[in-house]
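Whatever order the structure lists them in is the order used to number ligands and atoms, beginning at 1. Positions are given from 1 along the sequence.
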Amino acid sequence: MSFAVQQRGSLQVTGITHRTPARAMPSMAVRSSLIAAAPAPARRQQQRRRPSLPVLAASKVYEGSLVGTGMKFGVVVARFNELVTKLLLDGALGAFSRHGVAADDIDVAWVPGSFELPVVAKAMAKSGKYDAVVTIGVVVRGATGHYDTVVGGATSGALGAATDTGVPVVFGVLTCETMEQALDRAGGKTGNKGGEAAVTAVEMASLLRDLRAEGKAAERWL
Ligand SMILES: Nc1c(NC[C@H](O)[C@H](O)[C@H](O)CO)[nH]c(=O)[nH]c1=O
Ligand SMILES: CC(=O)[C@@H](O)COP(=O)(O)O
């Protein structure tokens, strides 16, 4: 079965692109009448395809770029499990640099533990001085229920800091069963999640900048 995608006036069918001006598409009313008149199998096929064509033909797609030049970022890092959080911070700073962010456009704030990340992240977000804030921490399950409390607080706090301000607050907190799992994710065999958090911050900041430039996202509500 062939698969068709309509994008910016071009119709791509099984890998071959045909230039088709968007205005050449029949109107919704005309298409509906053509579908109603078609034999049943064709009608079923048309009806399956119908929503994608007009929606995609008219759609404008936004996706943040990964170039952070000129943007400012805050990074909040927990000292708890510092051996690992330092590695995550190194990963984040390296990724920012690779994505065009100048070192003096990044401020780093240390806090005692992951539970303290949200209040500082929110305070930095509310300052209006940053395009995004990254939180970095490592929570490793211990003998008590403290893990769930700390992870819950850090997670909901970071989310709240973002949705209460309109400034992306990225979650670079590892939530692990063992220290080995944490080290694997801090420059070990599973990459560096601090670096991934920094790239997410650049993409989110860029997406919101582009949407706001066209009045399609609310300005920050600090
Ligand atoms: N157990 C972990 C903590 N606990 C400390 C808390 O985050 C907090 O600093 C304390 O409860 C005082 O409010 N923090 C981590 O970052 N990782 C842990 O595994
Ligand atoms: C205070 C803490 O966050 C932490 O030391 C709790 O660890 P555990 O669950 O092993 O008591």
Side-chain angles (χ1 to χ4, degrees), residues 64 66 68 71-99 101 103-205 208 220-222:
L66 300 183
M71 292 177 173
K72 297 193 187 307
F73 295 93
V75 183
V76 196
V77 201
R79 211 178 299 112
F80 206 103
N81 292 323
E82 187 176 11
L83 173 77
V84 190
T85 60
K86 265 186 178 166
L87 297 172
L88 294 171
L89 177 61
D90 285 349
L93 297 178
F96 275 134
S97 168
R98 285 193 299 280
H99 288 263
V101 183
D104 60 4
D105 282 334
I106 304 166
D107 292 328
V108 178
W110 284 90
V111 297
S114 294
F115 197 76
E116 284 71 44
L117 293 170
V119 65
V120 177
K122 185 164 176 175
M124 290 178 104
K126 277 181 86 74
S127 74
K129 290 194 160 63
Y130 303 99
D131 295 287
V133 177
V134 175
T135 59
I136 290 177
V138 174
V139 192
V140 179
R141 194 181 290 281
T144 70
H146 207 90
Y147 172 91
D148 298 311
T149 312
V150 173
V151 171
T155 311
S156 61
L159 186 60
T163 54
D164 289 349
T165 59
V167 177
V169 175
V170 176
F171 194 66
V173 178
L174 300 183
T175 58
C176 300
E177 296 300 311
T178 63
M179 189 52 80
E180 186 187 358
Q181 281 182 347
L183 286 165
D184 284 349
R185 288 158 180 77
K189 60 186 178 204
T190 344
N192 189 313
K193 301 294 173 185
E196 290 178 22
V199 177
T200 298
V202 171
E203 178 176 345
M204 289 297 292
L208 282 167
R220 294 174 297 190
W221 47 100
L222 308 173

Exercise. Under 4.0 Å between a Lys/Arg side-chain N and an Asp/Glu carboxylate O for Glu82 and Arg79?
Worked result: no

Problem set entry | Check: Pro112 N/O within less than 3.5 Å of ligand 1 N/O | no

Exercise. Considering residues at least two apart in sequence or located in another chain, which fulfil the side chain to side chain donor-acceptor pair (under 3.5 Å) criterion with Asp105?
Worked result: Lys72

Exercise. What's the shortest heavy-atom distance between Val202 and Leu66, and which atoms?
Worked result: CG1-C, 3.6 Å

Problem set entry | Nearest heavy atoms of Leu83 and Leu87, plus distance in Å | O-CG, 3.4 Å

Problem set entry | Interfacing atoms of ligand 1 (cut-off 4.0 Å, heavy-atom, Gly113) | 7 (O), 9 (O), 16 (O)

Problem set entry | salt bridge (Lys or Arg N to Asp or Glu O under 4.0 Å): pairs with one or both residues in residues 116-127, sequence neighbours excluded | Lys122-Asp164

For this session: Would you mind listing which atoms of ligand 1 come within a distance below 4.0 Å of any non-hydrogen atom of Val140?
Result: 19 (O)

Seminar exercise, completed: One finds that the ligand 1 atoms under 4.0 Å from a non-hydrogen atom of His146 are 11 (O)

Problem set entry | Residue part near ligand 1, for Val138, under 4.0 Å between non-hydrogen atoms | backbone

